[in-house]
> 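Right, I'll just put the structure down here and ask away after.
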Amino acid sequence: NLKVTLTLADAIRNVDGLDMTVLRTCLVSHGSGVQLLSASAEYPSFDPVDTRGVQRALSLLGRQAVYLVLVLDRCLSLVAFYVAQSAVVLLCVLRPDFVSLRRTKLMLDWLGESGLDRSRVRLVVNRTGTSGELSVAQAAEALEMKSAVDLPDETKALLRAVNSGEPLQLTAPSAKFSRRIAELAKELRDAAARRQG
């Protein structure tokens with residue numbers, strides 16, 4: 001239910017004039033305290049994006065926020081690749097089926113060949129618990145990852161959250177999915193603290 005008026009694409013049109021004052025005009029606040037910076041209001045957006053602008057925006061935001069969570073497009077653009085390279089932890093989300101596994105393997109192989117340190121990748125298998133799916137262990141083994149986090153399929157609760165425009169953590173905090181997200185967030189916080197300490 002957030003109303004986006006200005007986006008990152010708007011902010012970085014003038015890279016040299018980009019500062020925190022400009023970025024604040026693009027941030028949209030949620031009642032939970034989370035702030036959103038939308039990449040672009042256009043879909044699909046094929047306008048060229050200046051990676052210097054993205055780098056500057058991330059640097060400025062990184063000085064203001066405790067955590068930055070970036071959602072990268074599934075098709076890896078130059079900007080998405082740059083962000084993936086600079087991320088402390090990269091969550092790779094996939095479904096427990098062969099097609100998703102194959103696409104994820106191709107992407108991870110490409111990132112690895114391009115110089116990404118795969119030890120920063122954390123595998124997340126989304127919507128588990130359906131009959132006939134690949135197991136989390138099978139997915140981790142096929143992708144040559146030590147382990148994976150599983151997020152259980154709770155279709156009704158997730159659909160209610162999406163359709164109401166509210167995070168599941170707020171609408172159903174006791175749901176299994178919410179608890180697993182909280183565990184994953186704690187794991188990521190602990191990992192970030194270890195890297196800084």
Side-chain angles (χ1 to χ4, degrees), residues 8 34 36-40 43-45 49 51 54-55 58 62 65-159 161-162 167-169 172 175-197:
L8 177 62
V34 171
L36 169 75
L37 174 59
S38 182
S40 172
Y43 182 82
S45 176
V49 176
T51 55
V54 174
Q55 183 178 14
L58 292 178
V66 178
Y67 300 103
L68 294 178
V69 177
L70 309 167
V71 180
L72 304 180
D73 197 339
R74 286 184 306 196
C75 85
L76 284 172
S77 63
L78 180 61
V79 173
F81 178 71
Y82 164 76
V83 172
Q85 290 284 57
S86 63
V88 173
V89 178
L90 186 65
L91 295 180
C92 182
V93 182
L94 71 147
R95 293 288 306 272
D97 62 61
F98 179 77
V99 173
S100 183
L101 186 69
R102 183 176 181 280
R103 289 180 179 161
T104 302
K105 180 161 178 41
L106 290 171
M107 183 194 67
L108 288 175
D109 288 348
W110 181 79
L111 286 171
E113 289 165 9
S114 301
L116 180 80
D117 177 6
R118 281 188 57 160
S119 69
R120 294 183 319 185
V121 176
R122 188 74 171 102
L123 196 61
V124 179
V125 184
N126 194 20
R127 300 185 70 181
T128 62
T130 305
S131 176
E133 70 186 16
L134 295 172
S135 73
V136 174
Q138 286 173 314
E141 182 182 350
L143 296 172
E144 299 170 3
M145 305 290 284
K146 291 180 182 175
S147 63
V149 174
D150 69 300
L151 299 177
D153 186 10
E154 291 191 285
T155 306
K156 288 181 183 178
L158 287 165
L159 282 176
V162 168
L168 188 68
Q169 297 296 110
K176 282 184 188 177
F177 188 95
S178 297
R179 292 196 311 266
R180 291 297 291 137
I181 289 288
E183 290 167 10
L184 177 58
K186 181 182 183 316
E187 177 188 323
L188 295 174
R189 280 194 309 270
D190 292 348
R194 283 193 301 273
R195 283 176 191 263
Q196 291 172 352

> If you count heavy atoms of other groups shown closer than 6.0 angstrom to OH of Y67, is the number above 12?
yes
> Would you call D190 and R194 a salt bridge, taking side-chain N to carboxylate O under 4.0 Å as the test?
no
> Search all heavy atoms of F98 against all heavy atoms of L134 and return the closest pair with its distance.
N-CD1, 3.8 Å
> Any chance CD of E141 has more than 12 other-residue heavy atoms, nucleotides or ligands included, within less than 6.0 Å?
no
> Can you name the closest pair of heavy atoms from S178 and A172 and give their distance?
OG-O, 2.7 Å
> Would you give the length of the straight line joining atom CZ of R103 to atom CG of L108, rounded to the nearest 0.5 angstrom?
14.5 Å
> Quick one: CZ on F177 to CD on Q169, what's the gap to the nearest 0.5 Å?
8.0 Å
> Of all the heavy-atom pairs spanning A84 and L116, show the shortest one and how long it is.
O-CD1, 3.4 Å
> In Å and rounded to the nearest 0.5 Å, what is the SG to CE distance from C92 to M145?
7.0 Å
> Taking it one step at a time, do V69 and V34 satisfy side-chain contact (heavy atoms from CB on, under 4.5 Å)?
CA-CA 10 Å; V69 177; V34 171; over 6 Å; no
> For T104 and L94, indicate whether the former's side chain and the latter's backbone hold a donor-acceptor pair under 3.5 Å.
no
> Does the side-chain contact (heavy atoms from CB on, under 4.5 Å) test come out yes or no for I181 and L151, once each step is laid out?
CA-CA 7 Å; I181 289 288; L151 299 177; 4.0 Å; yes
> Has the side chain of E133 got a donor or acceptor atom that lies under 3.5 Å from a matching backbone atom of P96?
no
> Apply the side chain to side chain contact (heavy atoms under 4.5 Å, CB included) test between R122 and each candidate in L91, L90, V93; give the one that qualifies.
L91
> Once you round to the nearest 0.5 Å, how far does OG of S119 lie from NZ of K146?
8.5 Å
> Run the salt-bridge test on R102 and D97 with the 4.0 Å N-O cut-off and return the result as yes or no.
no
> Rounded to the nearest 0.5 Å, how far apart are CG of L159 and CD of E154?
11.5 Å
> Atom CZ in R120, atom CG in L111: separation rounded to 0.5 Å?
10.0 Å
> On a heavy-atom basis, which atom in P167 and which in A161 lie closest, and how many Å separate them?
C-CB, 4.3 Å
> Between R95 and T128, do the side chains contain a donor N or O and an acceptor N or O under 3.5 Å apart?
no
> Please name the pair of heavy atoms, one in D150 and one in V136, separated by the smallest distance, quoted to 0.1 Å.
CB-CG2, 3.5 Å
> Return the minimal non-hydrogen interatomic distance between V125 and A139, and the atom names on each side.
CG2-CB, 4.3 Å
